[in-house]
Amino acid sequence: MTSTHFANSASEIVQGDISYIANQIRSELDRLSGQKILITGGAGFLGYFFVNLLAQVGESDGRNPIELTVYENFSRGRKKWLDDLANKQNVNLLEHDITKPLHSDIPKFDYIIHAASIASPTYYRKFPI
């Protein structure tokens, strides 16, 4: 199996997981439709799933899209998938280190998902909070 085939298979599995989750929590996503949500740590492991799941609400399902703002410090580099999602009209990607004070002019959010954390022992020893 080539690395490209593995990457395609892995991507398909993840997208299948996100579709499965979306179907299982349809009523919860209905309630979030049209809401303003902030996700911190959008490029991390949990952030990846939250961002991809919430960004698709309203694409083709008749619901109002979720207005999604993602704060990410990009300490592990910029992720292409996140930059690609930021091109969507309902996704606003902002560079911000959540350990620093927030700007006084941030908009009001209906929900905040705090997923910013360093999960790797190597990184959290190198960059302790």
Side-chain angles (χ1 to χ4, degrees):
M1 181 180 297
T2 67
S3 61
T4 303
H5 183 269
F6 177 75
N8 289 340
S9 297
S11 177
E12 291 168 6
I13 290 169
V14 170
Q15 289 308 313
D17 288 347
I18 291 170
S19 294
Y20 175 80
I21 293 167
N23 288 330
Q24 295 300 307
I25 63 169
R26 183 159 184 80
S27 63
E28 288 83 359
L29 292 176
D30 287 345
R31 287 194 296 268
L32 294 176
S33 172
Q35 300 292 308
K36 294 180 180 181
I37 298 177
L38 168 64
I39 298 179
T40 64
F45 178 77
L46 290 176
Y48 175 88
F49 282 91
F50 282 122
V51 170
N52 277 281
L53 175 67
L54 298 177
Q56 74 180 4
V57 171
E59 279 187 339
S60 60
D61 55 20
R63 295 182 280 200
N64 290 324
I66 292 171
E67 190 176 318
L68 192 57
T69 299
V70 180
Y71 283 176
E72 176 56 49
N73 68 4
F74 301 108
S75 64
R76 296 184 307 139
R78 291 189 76 93
K79 307 290 184 182
K80 181 180 177 342
W81 65 265
L82 191 54
D83 285 332
D84 290 344
L85 278 177
N87 290 325
K88 295 175 75 164
Q89 190 171 5
N90 64 314
V91 178
N92 185 19
L93 175 61
L94 299 171
E95 185 169 356
H96 181 76
D97 182 344
I98 201 63
T99 65
K100 308 293 185 230
L102 297 172
H103 299 287
S104 60
D105 62 346
I106 65 168
K108 181 181 180 226
F109 296 101
D110 298 300
Y111 297 95
I112 298 173
I113 299 172
H114 179 49
S117 179
I118 299 174
S120 162
T122 302
Y123 281 99
Y124 67 69
R125 285 187 185 108
K126 188 175 179 179
F127 304 105
I129 296 174

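Among all heavy-atom pairs drawn from N73 and D97, the shortest one is CB-CA, 3.9 Å. Contact between L68 and A55 at its shortest, heavy atoms only, is CD2-N, 3.9 Å. Closest of all the heavy-atom pairs between D61 and R26 is O-NH2, 4.2 Å. Here the shortest heavy-atom pairing between G42 and V70 reads CA-CG1, 3.5 Å. Of all heavy-atom pairs between A115 and G47, the closest is CB-N, 4.1 Å.
Looking at N23, I13, N52 one by one, the single match for side-chain contact (heavy atoms from CB on, under 4.5 Å) with I18 turns out to be N52.
Screening residues 82-107 for ring pair (Phe, Tyr, Trp, His ring centres under 6.0 Å) gives Y71-H96, H96-H103 as the qualifying pairs, with residues at least two apart or on separate chains.
No side-chain donor-acceptor contact under 3.5 Å links T69 to the backbone of L38. At least one donor-acceptor pair under 3.5 Å links the side chain of E72 to the backbone N or O of A43. A distance-only check finds no donor-acceptor pair linking the side chain of K36 to the backbone of Y111 [under 3.5 Å]. Checked by atom type and distance alone, the side chain of S33 pairs as donor or acceptor with a backbone atom of N64 at under 3.5 Å.
Criterion: ILVMFWY side-chain heavy atoms under 4.5 Å apart, direct or through other members. Under it, V51 and F109 are not part of a common hydrophobic cluster. Under a hydrophobic-cluster definition in which Ile, Leu, Val, Met, Phe, Trp and Tyr are linked whenever side-chain heavy atoms come within less than 4.5 Å, directly or via other members, I112 and V57 are assigned to different clusters. V91 and L94 sit in two unconnected hydrophobic clusters of ILVMFWY residues. Membership requires side-chain heavy atoms under 4.5 Å apart, directly or through other members.
The shortest side-chain heavy-atom distance between R63 and L32 does not fall under the 4.5 Å cut-off. A heavy-atom distance below 4.5 Å is not found between the side chains of K80 and L85.
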>> Pair L54, I37 - check side chain to side chain contact (heavy atoms under 4.5 Å, CB included), show working.
In response: CA-CA 9 Å; L54 298 177; I37 298 177; 4.1 Å; yes

> Going through the checks in order, is the side chain to side chain contact (heavy atoms under 4.5 Å, CB included) test met by I98 and H114?
Replying inline: CA-CA 9 Å; I98 201 63; H114 179 49; 4.1 Å; yes

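Salt bridge status for D83 with K79: absent, with no side-chain N to carboxylate O gap under 4.0 Å.
The environment of CD in Q56 is crowded: more than 12 heavy-atom neighbours from other residues, nucleotides or ligands sit within 6.0 Å. Heavy atoms from other residues, nucleotides or ligands lying under 6.0 Å from CZ of F74 number more than 12. The 12-atom threshold is exceeded at CD of E28, counting heavy atoms of other residues, nucleotides or ligands nearer than 6.0 Å.
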